[in-house]
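We name chains A, B, ... by the order of the sequence lines, and we start the count at 1 in each one. Model, not experiment: these values are computed from the prediction.
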Number of protein chains: 2
Amino acid sequence: MLDDRKAAILSAVVQEYIATAQPVGSSHIARAPGVGVSSATVRNEMAVLEQEGFLVQPHTSAGRVPTDKGYRFFVDHLGRPGQADALTTRQVGEFFSAAHGRLEEMLHHTSDLLTQLTRNAAVVVGPKAAEVPIRSAQIIRLSSTAATVVLVFANGSVDNEVIEIGDEVSDAALAAASVHLTTHLADQVLVGAGVPDTGDASTDELCRLALDVMAGHGNDDEPAYVGGVSTMAEAFDAVEVVRQVLHTLEQQFVVVSLVRDIVDRGMSVAIGVEHGVEPLSACSVVVAPVVVDGEHVGSVGVLGPTRMNYPQALATVDIVSDQLGRRLGDS
Amino acid sequence: MLDDRKAAILSAVVQEYIATAQPVGSSHIARAPGVGVSSATVRNEMAVLEQEGFLVQPHTSAGRVPTDKGYRFFVDHLGRPGQADALTTRQVGEFFSAAHGRLEEMLHHTSDLLTQLTRNAAVVVGPKAAEVPIRSAQIIRLSSTAATVVLVFANGSVDNEVIEIGDEVSDAALAAASVHLTTHLADQVLVGAGVPDTGDASTDELCRLALDVMAGHGNDDEPAYVGGVSTMAEAFDAVEVVRQVLHTLEQQFVVVSLVRDIVDRGMSVAIGVEHGVEPLSACSVVVAPVVVDGEHVGSVGVLGPTRMNYPQALATVDIVSDQLGRRLGDS
DNA sequence: CTTGGCAGTCGATGTTACCGAGTGCTAACG
DNA sequence: CGTTAGCACTCGGTAACATCGACTGCCAAG
């Protein structure tokens, strides 16, 4: 699609622009290693690259800036993902060997780690509760007319939901329902789960209610952590863009479905408008699935300006998702 | 401290500045109702108010802007909290009569409500788990060497923590420990709680471990929700300030201890530097405790630029905390 | 095909002039 | 004696204008 020289020039433009955030001119590129030609030649090539949509000039007599298409070519053909550098590898290793405690906390801290390593916003999406095997189900009385259903999942996460109960429901019925639910749900996943009738109306009613409410609520609910937004905001200078991006990122579900969508499409990078969320069109997203035993149990990603350091982001996201998968696997 | 006319002028300056965000000049004030004097007189008075530290001029030949001290006088003596307007009252009422489900979700939505009503960032701090009576304690096996301790509290919140167990621990011991813990912890609070020995070494060991880990982790952990940060950010125009504020607000614990500190000091408004968090010195915080049966179980607050609408914020925070308290009380 | 050279473009930066909102001061006024 | 009209003065903000420099596109020579 592009001959070697054009590719080298595009690569140099992308890297220079990522580093400086300034439109880059032909003479800078001519000086770059790997491009052994004069600035005039570079100018000619850049004119072609512009015509083909890889570069744009913000205005006549300014340097060139990569377009989304330019970044796309760069990540597909030029910026080999490579290994994360030694420091990153070490930091990630240390982090996960020290990680402990609740799943939610670990995911939360993972997002902080990603932010710190990439200076971008980070997203960590955990396993959908509804798809993890259940270890225990209890119905606990809160007051005469309210109780809470508590599900414990095999990965250590816990979900609960409050239900209303008639005030004639006895403690014995609650206990019976808890036992019955735990017995029949153990090692099942929530989706499509059901329990047989016991014959006792009160108990069966409780079980039905508990299942209904958990199914309804846990349905598209996956634990997600978005962090480092302010860190990333520093990369933008247009105030209006910052506001738009911030506002969008505050709506967690937008980010979560954005990440899921990209992972589902089998992509690892979505650049600018590619992800289809209009207010984030100045942003790119780099994601990686978290895999345990061949199962896709979550995703990690970073979100930053389109002029982000893709090779580094890809490498970092990869190593973090890999290590997170291992960590989740051996617990 | 200030005669009536000075107070009226200060009040007018504060209100005008809150409305326009522009330095306000003597002629605007002279035109304001309640100040029946000429601009020259207003100028003389404003010069005095400036000397006494209630106003400043950004530069010679500009209008005046209130200082923190000016705002303080305003909220203490001039801006009577008043009632929330009818629309707000209605919205809050509707919100809480529709509210249902888990405590965490309700608190989260409450922070969204506050943001929407005040156009500022909102903070909602829930009850410290460690101080709510326990309804149930269970130890559930996750794998051969890991289990999770799940505490259910009377207000419907749930907390859990993962523990390591020796792989010789039997299911029976887990069940025994669960029963023992629930029996002895029911209606107790976590702080300083203990359970008697059973005589069975394995069970006692589990109970001790569970109590230790929950006490250690739940200690200064209170559920908090910070929302509407991007909405508030629109009130600032200095980019640098926005970044600083955003970065600070991302560290939840800073906000939580800030709010707690203000509530503990018995204050309801902290203006600018009063709250002592230097990066937020361009911000004021308006808080109200949430009280159930005379017990202080949480706090709500809004955080915005020092030139925020204090009367409205106070009224809104008051009505929301009141309604939230009622809602928490009757469940 | 490449390259040095050159005219031309246009944003960024700096200068100057001007306008107007706002002040402090003073003198007149009731 | 407090209040007010009037006035000279200040100074930030805006517009008009010149300058600078980093680029480009193009052309002619290598």
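Remark: the backbone N or O of B:Ser230 is paired with a side-chain donor or acceptor of A:Glu250 at under 3.5 angstrom.
Here the P atom of nucleotide D:dA22 and the CD1 atom of A:Ile29 are 16 Å apart, to the nearest Å. Taking atom NE2 of residue B:His59 and atom P of nucleotide D:dG12, one finds them 6 Å apart after rounding to whole Å. If you measure from atom NE2 of B:His28 to atom P of C:dG20, you get 15 Å, rounded to the nearest angstrom. In this structure, the OH atom of A:Tyr17 is 19 Å from the P atom of D:dA22, given to the nearest Å. Distance CZ (A:Arg31) to C1' (C:dT3): 16 Å, rounded to an integer number of Å.
Within the structure, every side-chain polar atom (N or O) of A:Thr60 is placed at least 4.0 Å from both OP1 and OP2 of D:dT24. Residue B:Thr41 has a polar side-chain atom (N or O) positioned under 4.0 Å from OP1 or OP2 of D:dT4.
Near DNA chain D, defined here as any heavy-atom distance below 4.0 Å, the residues from residues 44-56 of chain B are B:Asn44, listed numerically.
Ring geometry for B:Tyr310 versus B:Tyr71: interplanar angle of 30 to 60°, hence tilted. Relative ring orientation between A:His109 and A:Phe95 is described as perpendicular, the plane-to-plane angle rising above 60° on a 0-90° scale split at 30° and 60°.
Projected onto DNA chain D by closest heavy-atom contact, A:Ser27 and A:Ala40 fall at different nucleotides, the more 5' of which corresponds to A:Ser27.
The neighbour count for A:Arg119 CZ, taken as heavy atoms of other residues, nucleotides or ligands under 6.0 Å away, does not exceed 12. Counted within 6.0 Å of CG on B:Asp76, heavy atoms from surrounding residues, nucleotides or ligands total more than 12; the atom is thus considered enclosed.
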Original post:
Going through the checks in order, is the side-chain hydrogen bond (donor to acceptor under 3.5 Å, both in side chains) test met by A:Asp112 and A:Thr115?
Top reply: CA-CA 5 Å; A:Asp112 291 342; A:Thr115 293; 5.4 Å; no
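A donor-acceptor contact under 3.5 angstrom links the side-chain atoms of A:Arg43 to the base of C:dG5. For a distance-only test at 3.5 Å, the side chain of B:Ser61 fails to qualify as a donor-acceptor partner of the base of C:dT23.
Checking each of A:Lys69, A:Arg265, A:Arg72 against A:Glu274 for a salt bridge (Lys or Arg N to Asp or Glu O under 4.0 Å) leaves exactly one that passes, namely A:Arg72.
Residue B:Arg64 places its side chain closer to C:dG24 than to any other of C:dG24, C:dT9, D:dG12.
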